[in-house]
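Model, not experiment: these values are computed from the prediction.
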Amino acid sequence: MDTPTPLFSLLCFFLFSLFLGEEQHVVEGSRVWTFGFRPKMLFVFGDSYADTGNNRKALASSWKLPYGITFPGKPAGRFSDGRVLTDFIAGYLAIKTPVPYRYRKELGGRLKYGLNFAYGGTGVFDTPAPEPNMTTQIDFLQQLLNDSVYPKRALKTSVALVSLAGNDYSNYIATNGSTAGFPVFIGRVVNQMKVNLKRIHNLGVRKIAASALQPLGCLPRSTAQFSFEQCNESENALVGLHNQLLAQAVNDLNKETNSSSFFVLDIYNAFWNVFNKKQAHQVSPTFVNPFEPCCVGVSAAFSCGSVDENGVKQYTLCSNPKSKFFWDTVHPTEQGWRAVYSTPALQSSLKQFW
């Protein structure tokens with residue numbers, strides 16, 4: 001047997017250190033195991049709301065300071081100061097956070113908990129992010145099954161989180177898609193999402209949670225024009241159409257499969273629960289201004305994590321990320337995700353995993 005090189009050993013130690021903190025419980029959920037079903041694996045597909053480190057370091061802000069300063073204390077590929085939606089869902093399921101697909105070989109001992117195939121910046125269709133779209137992410141799982149990394153019978157005790165946070169729509173706007181054509185494009189996105197969900201189910205995954213679209217008009221990138229005081233209701237109206245079509249698609253899938261395998265994770269109302277301060281106050285703080293981010297570029301030319309050619313920071317950072325719901329102009333802080341997780345809307349959704 002070949003002796004591992006010092007460089008390989010150092011790499012493994014570094015990767016292990018990134019995920020060491022995930023051994024601890026991040027949330028406490030009340031779980032009721034019904035009909036003998038207890039999930040043992042979590043597979044994750046989607047974008048930056050779920051990505052825990054798949055994006056390439058040279059391309060993604062998630063690998064730059066100050067990302068990761070709350071957890072694990074340094075940049076580790078999450079688009080936040082700390083934990084993201086995936087971590088809280090895994091905690092609720094009492095499953096260790098699945099490792100990113102890119103580290104499947106280095107951290108092979110963790111594959112028994114599932115895998116995270118989500119890549120920040122991606123959508124159901126191709127986007128400017130040079131990373132695999134959702135169809136390709138599902139291809140990765142298919143290939144692992146073909147290679148017997150996972151026996152298909154093992155997926156009977158698995159569940160999936162499918163995150164879609166709006167990159168397809170950002171790309172539609174960036175490529176000068178028409179306002180009149182937006183509803184038609186939303187229909188295309190949801191139809192492709194339906195195809196993806198059914199394909200994941202056909203691979204053997206037992207329960208599949210499809211995230212509703214969050215109120216895009218309330219993201220700091222949209223509220224900045226209103227001094228972070230109000231949402232863009234035109235954007236939120238389009239979100240409403242997406243979520244209506246998604247709910248119908250999920251309902252159709254359950255009828256087609258004569259099951260309750262598919263459900264919507266109500267991210268939309270969970271965000272509004274927080275914005276309206278109706279969350280469970282014992283675990284979720286009240287954010288003074290939930291639309292104002294913690295970390296932002298010093299001008300429109302820069303963003304959180306930007307530095308100039310001399311390495312000088314070109315962003316400002318709040319003194320306490322726990323006081324902010326949003327980390328940057330798109331993504332919640334760890335405390336923001338904790339608040340979302342604790343809402344009645346999300347807790348009610350999560351029960352459908354059983």
Side-chain angles (χ1 to χ4, degrees), residues 45-50 79 84-85 118 120-125 127 129 133-134 161-194 196-197 209-226 228-252 262-276 278-279 287 290-293 325-332 336-337 339-341 343-346 348-349:
F45 306 89
D47 47 37
S48 57
Y49 271 27
F79 288 82
V84 296
L85 180 62
T122 65
V124 296
F125 301 125
T127 66
N133 65 24
M134 196 178 292
L161 167 64
V162 184
S163 169
L164 184 67
N167 292 316
D168 292 289
Y169 300 132
S170 298
N171 187 49
Y172 180 84
I173 295 171
T175 53
N176 298 316
S178 69
T179 301
F182 222 133
V184 174
F185 182 69
I186 290 172
R188 287 183 55 210
V189 168
V190 174
N191 285 339
Q192 184 59 48
M193 183 74 158
K194 182 180 179 182
N196 294 342
L197 295 175
S211 67
L213 198 60
Q214 76 279 21
L216 295 176
C218 299
L219 301 184
R221 68 183 183 192
S222 295
T223 64
Q225 62 182 313
F226 307 115
F228 304 114
E229 293 295 333
Q230 66 183 67
C231 302
N232 183 321
E233 295 306 327
S234 296
E235 287 186 63
N236 285 344
L238 294 169
V239 170
L241 175 59
H242 171 99
N243 288 338
Q244 179 184 353
L245 294 177
L246 178 64
Q248 184 60 56
V250 165
N251 185 54
D252 290 345
F262 306 89
F263 67 94
V264 175
L265 196 64
D266 196 0
I267 296 293
Y268 181 84
N269 283 310
F271 270 55
W272 276 113
N273 282 169
V274 177
F275 297 156
N276 293 332
K278 294 180 180 179
Q279 70 274 23
F287 301 100
F291 305 137
E292 186 175 17
F325 178 81
F326 282 107
W327 168 245
D328 55 22
T329 59
V330 175
H331 308 96
W337 278 123
V340 167
Y341 169 80
T343 59
L346 206 70
S348 178
S349 296

Under 4.5 Å between any side-chain heavy atoms of [X] and [Y], yes or no?
X	Y	result
V340	P332	no
F182	V184	no
K194	V190	no

- Query: When V124 is tested against each of L164, N191, N133, D47 for side chain to side chain contact (heavy atoms under 4.5 Å, CB included), which residue passes?
  - Reply: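 Exactly one pass, corresponding to L164.
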- Task: Search all heavy atoms of T127 against all heavy atoms of G121 and return the closest pair with its distance.
- Result: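 Distance-wise, the nearest heavy atoms are OG1-O, 2.7 Å.
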- Heavy-atom closest pair, residues W337 and I267: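 Closest approach of W337 to I267, heavy atoms only: CZ3-CD1, 4.4 Å.
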- Anything under 30° is parallel, anything over 60° is perpendicular, the rest tilted; go ahead and classify F291 against F275.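 Rings of F291 and F275: perpendicular, as their planes differ by over 60°.
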Do [X] side-chain atoms and [Y] backbone N/O form a donor-acceptor pair below 3.5 Å?
X	Y	result
T175	N171	yes
N236	G217	yes
N273	A345	yes
D168	F125	yes
T122	G46	yes

- F287/F326 aromatic ring centres below 6.0 Å: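 No: the rings miss the under 6.0 Å criterion.
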- Task: Only counting residues at least two apart or in another chain, list the ones meeting ring pair (Phe, Tyr, Trp, His ring centres under 6.0 Å) with F79.
- Result: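 Result, ring pair (Phe, Tyr, Trp, His ring centres under 6.0 Å) vs F79: H331.
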- For the atom pair CG (N167) and OH (Y49), what is the distance rounded to the nearest 0.5 Å?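 One finds 9.5 Å between CG of N167 and OH of Y49.
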